[in-house]
Amino acid sequence: MISTIEWKNGKVMMLDQSILPLEVKYVECTDYRKVAEGIKKLWIRGAPAIGIAAAMGIALGAQDIKAATMDDFLRKLEPVMDEILATRPTAVNIRWAVERIKKFLAAHRAESIEKIKQLLIGESQSILEEDIEINKSIGRWGAQFVKDGDTILTHCNAGSLATGGYGTATAPMLMAAKEQGKKIQVIADETRPVLQGARLTSWELMQAGIPVTLITDNTAGALMKKGMIDLAIVGTDRTTRNGDVANKIGTYTVAVMCREHGIPFYVAAPLSSIDFTMASGDLIPIEERHADEVTSIWGHRVAPEGVNVINLAFDVTPAKYVTSLFTEKGAFKPQDIKKLLREDVDLESIRLRPL
Ligand code: MRU
């Protein structure tokens, strides 16, 4: 499994996903600003992966702070966290990571500044390691809904590259194929405009030995109509309390098409991607990216100069289109997701099982 991001010799090493699969190159970040730049420029992308990058960026920023007191240290760390928070607005994992680090700092206030700098490195590494375990757990729950012989549609990249490893949407695929010996195949939407499906998902799955077929985004509906897709599994950048799902632009179209054709539409959602503070999907800030991503393909202009462009990076799929959310705690109906907040909830009573 290729590493997306790691802390190595006092630096953050980030795989530059913007040039994959043509080049496999790591960017060396010695400054938290470089980490922030990497998140903005999609050197690292995918909700859990940018959460990990946020934590490592903060740990990196902390190393350079010179402070006489803990109060002074924490004050100087604030702008680092603010800059990281401002990189990308839709995936809630960045805020989740910043909040986790803030809680960690509060719990370790009594330590020396030098000690806390070391502890922050460890905490960011723990976030990465925990993420891999969470994904495996998502995979175990989700794989129950994958049958021998199934063809699975996925959109964008919610694979190993988008996480600490193993992926979220890819976890049930890997678990079904590798651990349970089910024969499956995957159809990957290319995912315009940045082509995460073509460049990343197909590359990753080929490396994992899972049969994968690449299609243009426009092809998915036609394949559903021909009966060539059994289920869809996608990731999420932010799922709100009511089960609405923000994910890569085009996901909504896939979900509506699945409903039309009676195909289950599943969302792999680690709890770090669920925003329990937000009531519904219409409140999610949707990132708009530069027009160049649409008017040019790999530096080659394909649209006329001066054309007006709308480049929304994400859309929101209403909960009513989501068959089930695969989390590390089980598979749940979208309307039951809010119950996970309650300490006294009997998970077994709300877990979904395949029919
Ligand atoms: O713009 P990106 O490439 O960061 O968008 C990524 C997605 O939409 C993924 O599906 C989502 O972050 C889930 S990743 C496990």
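We count ligands from 1, going down the list as the structure has it; atoms in each ligand are counted the same way. Note that these values count all heavy atoms, side chains included, but never hydrogens, waters or copies made by symmetry. None of the values given here were measured: they were computed from a predicted structure.
- Partners of Lys320 by side-chain contact (heavy atoms from CB on, under 4.5 Å), not counting sequence neighbours, listed by chain and number: Pro318.
- A salt bridge does not link Lys183 with Asp148: none of the charged nitrogens is closer than 4.0 Å to a carboxylate oxygen.
- With sequence neighbours excluded, the residues satisfying ring pair (Phe, Tyr, Trp, His ring centres under 6.0 Å) with His108 are Phe104.
- Against a heavy-atom cut-off of under 4.0 Å, Asn247 is close to the following atoms of ligand 1: 7 (C), 8 (O), 9 (C), 10 (O), 11 (C).
- Atoms of ligand 1 lying under 4.0 Å from any heavy atom of Thr236, numbered from 1 in the order shown and given with element: 11 (C), 13 (C).
- Of all protein heavy atoms, the one lying nearest to atom 7 (C) of ligand 1 is Asp237 OD1, 3.3 Å.
- Checking only distances, Ala47 does come within under 3.5 Å of ligand 1, N or O to N or O.
- Counting only distance, with no hydrogens or angles, the side chain of Gln144 and the backbone of Arg353 share no donor-acceptor pair below 3.5 Å.
- Protein heavy atom at the shortest distance from atom 4 (O) of ligand 1 is Arg88 NH1, 2.7 Å.
- Each of the atoms 1 (O), 5 (O), 8 (O) of ligand 1 lies under 4.0 Å from some heavy atom of Phe314.
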Checklist entry - So Arg45 and Asn157, side chain to side chain donor-acceptor pair (under 3.5 Å) or not? Walk me through it. => result CA-CA 9 Å; Arg45 31 67 49 205; Asn157 173 264; 2.9 Å; yes
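- Glu37 pairs in a side-chain hydrogen bond (donor to acceptor under 3.5 Å, both in side chains) with only one of the listed residues (Lys41, Lys40, Arg33), which is Lys41.
- Ring pair Phe326/Phe145: centre-to-centre distance below 6.0 Å.
- Nearest protein heavy-atom contact of atom 14 (S) of ligand 1 is Ala162 CB, 3.5 Å.
- Ligand 1 places these atoms under 4.0 Å from at least one heavy atom of Gln196: 1 (O), 2 (P), 3 (O).
- Using 4.0 Å as the threshold, Asn157 has a heavy atom nearer than that to some atom of ligand 1.
- Using a distance-only test at 3.5 Å, with no hydrogens or angles considered, a donor-acceptor pair links the side chain of Thr240 to the main chain of Gly281.
- Counting atoms of ligand 1 from 1 in the listed order, those under 4.0 Å from a heavy atom of Thr168 are 15 (C).
- Within the listing of ligand 1, atoms 14 (S), 15 (C) sit less than 4.0 angstrom from a heavy atom of Pro48.
- Ligand-side atoms of ligand 1 in range of Lys248: 1 (O), 2 (P), 5 (O), 8 (O), range being under 4.0 angstrom from any heavy atom.
- The side-chain heavy atoms of Thr151 and Ile184, taken from C-beta on, include no pair separated by under 4.5 Å.
- Close contacts of ligand 1 with Cys156, meaning ligand atoms under 4.0 Å from a residue heavy atom, involve 5 (O), 6 (C), 7 (C), 8 (O).
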